[in-house]
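Since the structure comes first, as structure tokens, the remarks are kept for the end.
One is the number of the first residue; the rest follow in order along the sequence.
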Amino acid sequence: MNHPGIETLVKAPFAEGDVFIAGRWCAAEDGRTFPVHDPATAEPIREVSAAGPGDALAAVDAAQEAAAGWRAAPPRRRSEVLHTAFALMREHADTLARLIVLENGKAYRDAVAEVGYAAEFFRWFAEEAVRIGSSFGDAPGGGFRHVVRRHPVGVTAFVTPWNFPAAMATRKIAPALAAGCPVLLKPAPDTPLTALAIAALLSEAGLPDGLLNVLPTDRAPEVVSVWLRDERVRKFSFTGSTATGRKLLEQAAANVVNVTMELGGNASFIVCEDADVDAAVRGAMDAKMRGGGEVCIAANRFYVHHSVAAEFTRKFAAAMTAVRAGAGLEEGVTLGPMIHRTAVESIRSLVDDAVGRGARVAARSSVPDGPGCYHPATVLVDVPEDARIMNEEVFGPVAPLATFADEDELVARANATVHGLASYIYSRDVARALRIAERLESGMVGLNRGLLSDPAAPFGGVKQSGLGREGGREGIEAFLETQYIALDWRAG
């Protein structure tokens, strides 16, 4: 299958429809569609097929039928398909980036970075596919052998968010396919086109029919409920809000489905008294503004030592004020629109609440006039701990700053959240930075670094930020079952 160009994807990617099941493109079983909007204009891009329960069941049938052949395929074969998919994503990086900008709104530079990041999951897990292996050893008491083997968990179902429509898909798809599992994918209704493009690329890469089934829809509960009630679905992975994750965990429990949950965040960004302030400002811009702040690991609460607070605030405010907001494909734009108007209203309510409790606006960038879903890059200072923005995920380009003087107090404040996904620390004293890092209830910590995601590293959180890890060597473990065989070679 030839990779469709962006214009084709926008107008009508495949004449038959947008649901991808068993290697075929088709309309939703009942013909329903839903609109996808451009956040830069708030105007609809086009209608997309809305999969329903019947389509969800058909996808499970297709995945189950394809499972045995892929499970038996040599790991090298799986690896080759993923390597080819990596190469195709790199080849079509500009097209994919423009497609992400169109439906997600993020700045083009961020979209290009996402495509590169997303492609790396195919390369990393292509290399992990051939390293799964088994083990053989003597029982300590003698008389028999231990054989421990790993095999695919089975049919896997994924629900991915809109903020990284390419990377959140490949971070799940790549390890599942590498392990030998077929995939069911429900992308976010805000950004289904990128998932469709990835399906087309994997088909072109030689992935056998039925191993990736993509069901765009605006009726997620109906589709996902079918999957979680089906005993053939043995793995479920979700990236999204903690509130939704709780509900899905309840459903998954009925069939004791193996789950991975990557949920909400409330990341602290800590600037110690001995930090390189200029480096901390650069790191803060990375940690706060990548993807317009619509990122689960985005810095959400800034704790700055009182001795460097004035300098950090002045320089950070200048950097945030200089942000250029606009349509993601415009030259020089570094902050695109938010995903939709509801998101803008949610961010505004958090800012208004903080100001109402005594916070002050130290910086605010300009935004374009017109109908787009824009919110200015904003710095708030003197933000009290009881402000909602210190306790809720802002998911936007707003940075609330507070000061600290004592390390113990700092750690207590940083840990005073139900979330524990990511944290950031800036300090020239490595011993101090590591001491603080080890005390933080956080699954990931960036030390003197505002960007911490890497396909070769385990991504995930503690507390109510999720269960399990994605990426790294741990990422493929989620899709493997362990079988132990006690072997007595003398019998008979």
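Salt-bridge check for R439 with D408: passed, with a basic side-chain N closer than 4.0 Å to an acidic carboxylate O. In this structure, R473 does not pair ionically with E477, as no charged nitrogen and carboxylate oxygen lie closer than 4.0 Å. One finds no salt bridge joining D274 and R428 here, because no Lys/Arg side-chain nitrogen approaches an Asp/Glu carboxylate oxygen to under 4.0 Å. The pair R282-D278 fails the salt-bridge criterion, with no side-chain N (NZ, NE, NH1 or NH2) lying under 4.0 Å from an Asp/Glu carboxylate O. A salt bridge links E120 with R123: the closest approach of a Lys/Arg side-chain nitrogen to an acidic carboxylate oxygen falls below 4.0 angstrom.
By the 6.0 Å contact criterion, CZ on R435 is enclosed, its count of non-hydrogen atoms from other residues, nucleotides or ligands being greater than 12. With a 6.0 Å radius and a threshold of 12 heavy atoms from other residues, nucleotides or ligands, D406 has its CG atom above the threshold. Other residues, nucleotides and ligands contribute more than 12 heavy atoms inside 6.0 Å of the CZ atom of R388.
Checked by atom type, the side-chain pair K172/T260 shows no donor-acceptor distance below 3.5 Å. For the residue pair T217 and E222, no side-chain donor N or O sits within less than 3.5 Å of a side-chain acceptor on the partner.
Remark: of the listed residues N266, T242, N391, T242 is the sole one forming a side chain to side chain donor-acceptor pair (under 3.5 Å) with H419.
Between L202 and A85, the closest heavy-atom pair is CD2-CB, 3.7 Å. Here the closest non-hydrogen pair linking I198 and F122 is CG2-CZ, 4.4 Å.
With F238 as the aromatic partner, K186 does not meet the cation-pi criteria of under 6.0 angstrom to the ring centre and within 45 degrees of the ring axis. A cation-pi contact links R171 to F459, judged by a cut-off of 6.0 Å to the six-membered ring centre and 45° from its axis. A cation-pi contact links R98 to Y108, judged by a cut-off of 6.0 Å to the six-membered ring centre and 45° from its axis.
In this structure, the side chain of T403 does not engage the main chain of H306 through any donor-acceptor pair within 3.5 Å. No donor-acceptor pair under 3.5 Å is formed between the side chain of Y426 and the backbone N or O of A433.
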Inset, instruction - Before giving the answer on side chain to side chain contact (heavy atoms under 4.5 Å, CB included), spell out for E294 and W162 the whole-Å C-alpha distance, their side-chain angles and the decisive distance to 0.1 Å. - result: CA-CA 9 Å; E294 296 177 310; W162 49 261; 3.5 Å; yes

Inset, instruction - Could you go through the side chain to side chain contact (heavy atoms under 4.5 Å, CB included) check for L380 and V361 one step at a time? - result: CA-CA 5 Å; L380 301 174; V361 176; 3.7 Å; yes

Inset, instruction - Decide side chain to side chain contact (heavy atoms under 4.5 Å, CB included) for I270 and F404; before the verdict, give the C-alpha distance in whole Å, the side-chain angles of both, and the deciding distance to 0.1 Å. - result: CA-CA 9 Å; I270 297 165; F404 74 94; 4.2 Å; yes

Inset, instruction - Check the pair E409, R413 against salt bridge (Lys or Arg N to Asp or Glu O under 4.0 Å), reporting the backbone distance first and the verdict last. - result: CA-CA 6 Å; E409 171 211 356; R413 291 164 69 186; 2.8 Å; yes

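Ring pair F20/W25 is tilted by interplanar angle, where 30° to 60° counts as tilted.
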